[in-house]
**Q** 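Questions regarding the structure given below will be posed in turn.
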Amino acid sequence: MGNITFVEHDGTEHVVNIEVGKSLMQIAMDSGIPGIDADCGGACACGTCHVIVDRQWVGVAGSASAGELQMIDLNPEKSETSRLSCQIKVSDVMNGMVVRLPKFQM
Ligand code: FES
């Protein structure tokens with residue numbers, strides 16, 4: 001058991017429990033986190049589950065696939081540590097991880 005913190009653009013924090021094996025997007029949706037739209041339902045095809053992983057957690061969150069990078073590249077709000085949360089499979093090692101939400105999902 002552990003938790004992950006989502007930080008909205010205005011600084012509001014939401015702490016969610018880790019559910020091993022779910023995607024970060026699924027946990028966000030189940031927890032009612034505002035700012036994750038997930039229009040494609042996790043198929044890596046919409047880019048509306050964009051999160052920015054805090055730099056110290058990038059190694060734990062893993063690397064984006066080529067397809068994910070293509071989707072991220074279309075987003076004007078992308079940053080070096082951008083990920084699509086539907087492509088992050090949550091595990092116990094993510095206890096304490098912090099991800100930030102962009103102002104808008106594109
Ligand atoms: S939910 Fe569509 S890309 Fe993640």
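Numbering of ligands and ligand atoms starts at 1, following listing order.
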**Q** Looking at every heavy atom in both C86 and C44, which two are closest together, and how far apart are they?
**A** SG-N, 3.9 Å
**Q** Please name the pair of heavy atoms, one in N17 and one in I27, separated by the smallest distance, quoted to 0.1 Å.
**A** O-CG2, 3.9 Å
**Q** Which pair of heavy atoms, one from E68 and one from Q87, lies closest together, and at what distance?
**A**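 Here E68 and Q87 meet closest at OE1-CB, 3.2 Å.
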**Q** How many angstroms lie between OG1 in T81 and CZ in R83, if you round to the nearest 0.5 Å?
**A** 10.0 Å
**Q** Could you state whether M29 and L84 fall into the same hydrophobic cluster, counting links through intermediate Ile, Leu, Val, Met, Phe, Trp or Tyr residues with side-chain heavy atoms under 4.5 angstrom apart?
**A**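 They do not share one cluster, since no chain of ILVMFWY contacts under 4.5 Å joins M29 to L84.
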**Q** Looking at residues at least two apart in the chain, or sitting in another chain, which of them share a salt bridge (charged side-chain N to carboxylate O under 4.0 Å, His left out) with D10?
**A**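 With sequence neighbours excluded, D10 shows a salt bridge (charged side-chain N to carboxylate O under 4.0 Å, His left out) to no residue whatsoever.
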**Q** Can you list, by chain and residue number, the protein N, O or S atoms under 2.8 Å from atom 2 (Fe) of ligand 1?
**A**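 Correct list: C40 SG, C46 SG.
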